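Report on one structure; see the data block that follows.
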Amino acid sequence: MLDGLAGQPLLIGKSLGSFAAGLAAERSLPAVWLTPILSVPWVPAALERATAPFLLVGGTADKFWDRALARRLSPYVVEVPAADHGMFVPGPLTDTIAVLARVVVAIDEFLDEIGWP
């Protein structure tokens, strides 16, 4: 499917979508990985091979998130205190909505910084 696309594709994956990190690394594709599965060895290994920039987004209450590893893998990291794997935070729903807004802004800033498209 990627071969048929014009221009520079951007991969965006949530959770299990981060299993495509190897594909992104092989094709030098920029990516946004939302709550990546950093606890499975082949995902960080693929991210280490990446030559294109990628954004990692995770929460401190996510058992698959590793803050130190994320910061070692990429200069582009958004870590949300108390957010779980679904990016939900304790408290009123409006607090989780604010997290989602923060993530959207971070993605927009990341894309601007890397000059995509």
Side-chain angles (χ1 to χ4, degrees):
M1 181 160 136
L2 288 173
D3 292 333
L5 297 175
Q8 171 83 5
L10 169 74
L11 293 185
I12 300 176
K14 165 73 174 88
S15 190
L16 293 177
S18 64
F19 289 178
L23 177 69
E26 290 167 13
R27 295 183 177 237
S28 296
L29 298 175
V32 174
W33 304 115
L34 304 164
T35 67
I37 308 293
L38 297 179
S39 60
V40 176
W42 66 83
V43 173
L47 294 171
E48 286 175 339
R49 294 192 314 270
T51 56
F54 57 90
L55 172 65
L56 298 174
V57 178
T60 61
D62 181 352
K63 66 181 178 180
F64 302 113
W65 181 251
D66 181 328
R67 112 187 305 168
L69 177 59
R71 292 188 191 317
R72 186 174 59 77
L73 292 169
S74 178
Y76 306 103
V77 175
V78 174
E79 182 177 79
V80 180
D84 65 13
H85 191 66
M87 297 305 291
F88 290 96
V89 294
L93 184 57
T94 53
D95 292 350
T96 295
I97 292 169
V99 166
L100 299 177
R102 178 178 168 203
V103 170
V104 169
V105 169
I107 293 170
D108 187 49
E109 291 173 349
F110 168 72
L111 296 178
D112 284 346
E113 188 164 333
I114 69 167
W116 190 88

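Computed from a prediction, not measured in an experiment: that's the story for all the values here. The first residue in the sequence is number 1, and the count goes up from there.
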Which atom pair, heavy atoms only, marks the closest approach of [X] to [Y]?
| X | Y | answer |
| --- | --- | --- |
| Ala21 | Leu47 | CB-CD2, 3.8 Å |
| Ile114 | Pro53 | CG2-CG, 3.5 Å |
| Ala82 | Pro90 | O-CD, 3.6 Å |
| Pro81 | Val89 | O-CG1, 3.8 Å |
| Val77 | Arg71 | CG1-NH1, 3.3 Å |

For atom CZ of Phe19, is the number of surrounding heavy atoms from other residues, nucleotides or ligands below 6.0 Å larger than 12?
yes
I need the full list of ring pair (Phe, Tyr, Trp, His ring centres under 6.0 Å) pairs touching residues 62-85, with sequence neighbours left out, sorted by first then second residue.
Phe64-His85, Tyr76-Phe110
Supply the atom-to-atom distance [X] [atom1] to [Y] [atom2], rounded to the nearest 0.5 angstrom.
| X | Y | atom1 | atom2 | value |
| --- | --- | --- | --- | --- |
| Glu79 | Asp66 | CD | CG | 9.5 Å |
| Leu69 | Ser74 | CG | OG | 11.0 Å |
| Asp84 | Thr60 | CG | OG1 | 9.5 Å |

Report the residues that fulfil side chain to side chain contact (heavy atoms under 4.5 Å, CB included) with Pro92, sequence neighbours left out, ordered by chain and then residue number.
Thr94, Asp95
I'd like to check the side chain to side chain contact (heavy atoms under 4.5 Å, CB included) partners of Gln8; sequence neighbours left out, ordered by chain and number.
Leu29, Pro30, Trp116
For residues Leu73 and Pro44, determine if any side-chain heavy atom of one lies less than 4.5 Å from a side-chain heavy atom of the other.
yes
Taking the side chain as C-beta and beyond, is there a heavy-atom pair between Phe54 and Leu11 under 4.5 Å?
no
Do Leu56 and Leu16 land in one hydrophobic cluster if side-chain heavy atoms of ILVMFWY residues count as linked below 4.5 Å?
yes
Check for me, please, whether Val103 and Ile12 land in the same ILVMFWY cluster - side-chain distances under 4.5 Å, paths through other members count.
yes
Using a 4.5 Å cut-off between side-chain heavy atoms of Ile, Leu, Val, Met, Phe, Trp and Tyr, which other residues end up in the same hydrophobic cluster as Leu93?
Ile97
Atom pairs and distances, side-chain donor-acceptor, residues 31-43, under 3.5 Å, sequence neighbours left out:
| residue | atom | partner | partner atom | Å |
| --- | --- | --- | --- | --- |
| Thr35 | OG1 | Lys14 | NZ | 2.6 |

So the side chain to side chain donor-acceptor pair (under 3.5 Å) pairs with at least one residue in residues 44-56 (sequence neighbours excluded) are Ser28-Thr51, Glu48-Arg72
